[in-house]
Amino acid sequence: MPEPVIITAALVGAELTRENTPYLPLTPEEIAAEARAAYEAGAAMVHVHARDRNGVPSQDIEDYRKIIEAIRASAPELILQVSTGGAVWMSAEERLQPLALQPDMASLNTGTLNFGEEVFSNPMPMVRQFARAMQERGIRPELEVYDTGMIPAALRLLKEGLLSEPLHFDLVLGVPGGAAGTIKNLLHMVESLPPGCTWTASGIGAAQLPITTAAILLGGHVRVGLEDNIYYRRGELTQGNAPLVARAVRLARELERPPASPAEARRILHLDGDKK
Ligand code: KMH
Ligand code: ZN
């Protein structure tokens with residue numbers, strides 16, 4: 001039986017504004033409606049960033065609480081992954097806040113990189129602090145990897161006992177400052193992963209379509225959505241997250257891998273209490 005593909009929708013992100021795309025959800029109701037549409041299109045998981053009442057990126061626990069409650073009310077089956085990356089200007093303490101809401105998963109950024117014109121700072125002591133915070137709360141991390149050196153960095157944390165197997169990685173390709181969004185880079189990263197892990201791939205901008213396709217072919221899972229890419233095709237904005245999810249579903253089916261339901265995704269990611 002072919003392994004189902006877990007499709008994650010990265011709904012909002014922290015970099016975009018309505019000037020970039022009018023389809024960006026900002027309020028809890030809008031974000032929950034996008035989550036529901038992504039679920040109906042075939043997503044099993046959502047990667048969530050919060051915005052405050054002015055639409056400004058926020059890691060505030062109350063902003064997250066409203067969004068999480070709204071998503072749980074509109075699509076209770078979805079796997080909920082919060083961001084601990086937040087936005088580039090935020091402190092570690094700010095970024096850690098949504099863990100208190102006991103989401104299913106949280107992103108764990110494994111290294112520092114230039115992020116466009118900014119620096120996304122994740123020094124090793126901070127990465128350890130975040131890993132420990134997730135471990136203490138029993139929240140499963142998704143290890144965000146932006147370049148190949150971040151894979152051995154994650155394995156160091158495993159050796160130190162701050163992570164437990166099986167690990168789950170997100171290979172993010174195409175951030176300006178990280179590894180370029182090429183299939184060659186994806187292949188190299190996949191070959192550098194430890195045995196027994198699971199992985200998803202996120203292609204940024206125009207890399208989303210080829211990276212999604214290659215990840216499905218290589219046996220991985222995929223992340224699509226506005227956080228990573230606002231275009232459906234060159235010059236044409238995507239009208240929300242659902243069209244990108246629907247395309248990933250069609251690609252998966254054509255390539256003879258069905259999209260995973262949230263329940264199947266929980267089994268594959270060992271979120272159902274089964275440790276291995
Ligand atoms: N907004 C980026 C600086 C994550 O969610 O963990 C970081 C980010 C990664 O989006
Ligand atoms: Zn994010």
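Atoms within a ligand are numbered from 1 in the order they appear, just like the ligands themselves. Index from 1, following the sequence.
G86 counts as a contact of ligand 1, since one of its heavy atoms falls under 4.0 Å from the ligand. Using a non-hydrogen distance threshold of 4.0 Å, Y146 registers as a contact of ligand 1.
For ligand 1, the atoms sitting less than 4.0 Å from at least one non-hydrogen atom of S83 are 4 (C), 5 (O), 6 (O), numbered in the order shown with element in parentheses. For ligand 1, the atoms closer than 4.0 angstrom to any heavy atom of F115 are 2 (C), 3 (C). Near S107, meaning under 4.0 Å from any of its heavy atoms, are these atoms of ligand 1: 4 (C), 5 (O), 6 (O). Atoms of ligand 1 found under 4.0 Å from any heavy atom of N109, numbered from 1 in the order shown, are 4 (C), 6 (O), 9 (C). The distance from ligand 1 to the heavy atoms of E15 drops below 4.0 Å at these ligand atoms: 1 (N), 2 (C), 3 (C).
Distances from atom 8 (C) of ligand 1 to the heavy atoms of H49, M90, E144 put H49 nearest.
Closest to atom 10 (O) of ligand 1 among all protein heavy atoms lies E227 OE2, 2.9 Å.
To the nearest 10 degrees, the Zn ion (ligand 2) sees NE2 of H47 and NE2 of H49 at an angle of 100°.
Of the possible polar contacts, one joining the R51 side chain to the G13 backbone as a donor-acceptor pair under 3.5 Å is found.
Atom OH of Y39 is separated from atom CG of L78 by 7.0 Å, given to the nearest 0.5 angstrom. Atom OG1 of T21 sits about 4.5 Å away from atom CG of L237, to the nearest 0.5 Å.
Remark: the H168 side chain and the T198 side chain contain an N/O donor-acceptor pair separated by less than 3.5 Å. No hydrogens or angles considered: nothing links the side chains of T200 and D170 as a donor-acceptor pair under 3.5 Å. Side-chain polar atoms of E34 and N241 form a donor-acceptor pair below 3.5 angstrom. For the residue pair S202 and R223, a side-chain donor N or O sits within less than 3.5 Å of a side-chain acceptor on the partner.
Using a cut-off of 4.0 Å between Lys/Arg side-chain N and Asp/Glu carboxylate O, R257 and E3 are scored as not salt-bridged. Contact check on D60 versus R65 returns no salt bridge, with no Lys/Arg side-chain nitrogen under 4.0 Å from an Asp/Glu carboxylate oxygen.
For E227, the N, O or S atom with the smallest separation from the Zn ion (ligand 2) is OE2.
Between A14 and ligand 1, no N or O atom pair is found at a separation short of 3.5 Å. For the pair A87 and ligand 1, the shortest N or O to N or O distance does not fall below 3.5 Å.
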